[in-house]
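For the single chain, residues carry numbers from 1 onward in sequence order.
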Amino acid sequence: MRRQPASADRDLRRRVSVALDFLAWMDQRGLPLAALAQEHIDDWIAGATSQRRYLIRYFLKWTTSRRLTRELTVPSTPSQEPQDLLDDDDRWRLLQRCLTDDALPTDVRAGGAITLLSGLSTERLCHLTPEHLKFGDKHAHLVLGRHPVLLPPRLAELLRQLAEQPQLRPQLSRAHPGPQWLFPGMVPGKPISTHGMTQKLNRHDIPVRTARNGALAALAAVGSRRGP
């Protein structure tokens, strides 16, 4: 009996692991397989920190063949870019643009600035609400956990504008309103998708992946200098 090479076994385990991660991701959002749409696949891929998530194509091929899901598209795995960090000079230049360029849309300025400053994932960025903002007499903070992030005054003002903007809600949800999103999507009552936010920032020359990586690298460097 001919045994499969170890690499084939390893690939199979990776595909199964990704499928389990994807099912857990769906469960967190209350999504049944039958309701799976292309926008969900786009969100899953856009939230990736590695190319591993692209392996979901094999699971989706299986679910489609058994008519458990409609036909869905997983984009080709992108080639690795030689430079995956935005250097500090470019990062600060882009941050200055986000904070001062009134020609940019307010949501692009705020979303870009948060990404460039904190390295926040696009998925968490899209799900920010006014409850994540804390305005004091002198300072404003973005509350993401136990350690609130101090906001530059111009970014705080941009986020205040987003928090105060009117939002279109469907008639049925007005009696029981859900969260108010800082970055609402095209569907009333829903936040912008991670794919949509990524595309919007990229269109305005804010490279989300490299910007986030650069911010995280800078924060890690600061933490290492401070020591334990």
Side-chain angles (χ1 to χ4, degrees), residues 14-15 17-18 21-22 24-26 28-29 38-58 60 72-101 104-128 132 142 144-145 149 151-152 155 158-159 162 181-186 190-224:
R14 290 180 66 205
R15 293 178 189 182
S17 176
V18 169
D21 288 347
F22 181 67
W25 182 87
M26 289 179 58
Q28 290 174 355
R29 289 155 179 76
Q38 186 62 47
E39 67 184 49
H40 302 128
I41 305 304
D42 293 342
D43 284 352
W44 163 261
I45 295 297
T49 55
S50 71
Q51 295 185 352
R52 186 171 175 270
R53 286 194 174 190
Y54 288 83
L55 294 175
I56 197 60
R57 63 167 52 88
Y58 298 101
L60 293 177
L72 301 163
T73 300
V74 177
S76 300
T77 305
S79 58
Q80 291 284 356
E81 297 180 18
Q83 180 66 26
D84 60 358
L85 287 177
L86 194 65
D87 66 46
D88 278 346
D89 288 343
D90 287 338
R91 190 165 64 88
W92 287 116
R93 177 183 56 79
L94 277 177
L95 178 60
Q96 182 72 7
R97 178 171 167 246
C98 287
L99 295 178
T100 61
D101 189 351
L104 290 176
T106 303
D107 59 342
V108 170
R109 295 174 65 188
I114 291 173
T115 303
L116 290 157
L117 268 178
S118 69
L120 190 68
S121 72
T122 310
E123 183 168 5
R124 291 189 71 188
L125 175 69
C126 294
H127 285 82
L128 291 178
H132 289 101
L142 181 63
L144 299 171
V149 178
L151 295 171
L155 177 53
L158 291 172
L159 291 170
L162 293 178
W181 308 108
L182 293 180
F183 302 97
M186 298 297 291
K190 299 289 185 181
I192 188 172
S193 69
T194 55
H195 180 66
M197 175 63 83
T198 299
Q199 285 193 320
K200 179 177 283 193
L201 294 179
N202 286 341
R203 276 200 305 271
H204 288 87
D205 299 320
I206 301 171
V208 173
R209 186 174 66 85
T210 55
R212 180 170 181 252
N213 289 348
L216 292 174
L219 291 171
V222 170
S224 65

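With rounding to the nearest 0.5 angstrom, the CD atom of Q199 is 12.5 Å from the NE2 atom of H204. How far CZ of R97 is from CG of D205: 5.5 Å, rounded to the nearest 0.5 Å. To the nearest 0.5 Å, the span separating CG on L72 from CD1 on I56 amounts to 10.5 Å. Going from atom OG1 of T73 over to atom CD of Q38 covers 4.5 Å, rounded to the nearest 0.5 Å. Between M186 atom CE and I192 atom CD1 the span is 9.5 Å, to the nearest 0.5 Å.
At distances below 3.5 Å, at least one donor-acceptor pair connects side-chain atoms of T194 with backbone N or O atoms of D43. Between the W44 side chain and the R53 main chain, a donor and an acceptor come within less than 3.5 Å of each other. R14 contributes no side-chain N or O that, together with a main-chain N or O of L55, makes up a donor-acceptor pair within less than 3.5 Å. With hydrogens and angles disregarded, a donor-acceptor distance shorter than 3.5 Å links the side chain of N202 to the backbone of T198.
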Step-by-step side chain to side chain contact (heavy atoms under 4.5 Å, CB included) determination, L99 to L155 = CA-CA 6 Å; L99 295 178; L155 177 53; 3.9 Å; yes
ask   = Going through the distances and angles, do R209 and N213 end up as a side chain to side chain contact (heavy atoms under 4.5 Å, CB included)?
value = CA-CA 6 Å; R209 186 174 66 85; N213 289 348; 3.9 Å; yes
message = With side chain to side chain contact (heavy atoms under 4.5 Å, CB included) as the criterion, how do R57 and L60 come out once you've worked through the C-alpha distance, each side chain's angles and the decisive distance to 0.1 Å?
response = CA-CA 5 Å; R57 63 167 52 88; L60 293 177; 5.7 Å; no
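Residues L159 and L128 form no side-chain contact, since every pair of their non-hydrogen atoms from C-beta on lies 4.5 Å or further apart. Contact annotation: the side chain of V74 never approaches that of Y58 to less than 4.5 Å [non-hydrogen atoms, C-beta and beyond]. Taking the side chain as every heavy atom from C-beta outward, D107 and K200 approach each other to under 4.5 Å. In this structure, S17 and R52 have side chains that are in contact, with non-hydrogen atoms separated by less than 4.5 Å.
The two residues G119 and L216 come nearest to each other via the heavy atoms O-CD2, 3.8 Å. Contact between C126 and W181 at its shortest, heavy atoms only, is O-CE3, 4.2 Å. Annotation for R91 and A218: closest pair NH2-CB, 3.1 Å, computed over non-hydrogen atoms. Nearest heavy atoms, C98 versus L104: CA-CD1, 4.4 Å. When all heavy atoms are compared, the tightest approach of V108 to L201 is O-CD2, 3.6 Å. Annotation for A215 and L116: closest pair CB-O, 3.3 Å, computed over non-hydrogen atoms.
Among L94, L120, L125, the single residue meeting the side-chain contact (heavy atoms from CB on, under 4.5 Å) criterion with T115 is L125.
Residues T122 and R212 bring no donor and acceptor atom of their side chains to less than 3.5 Å of each other.
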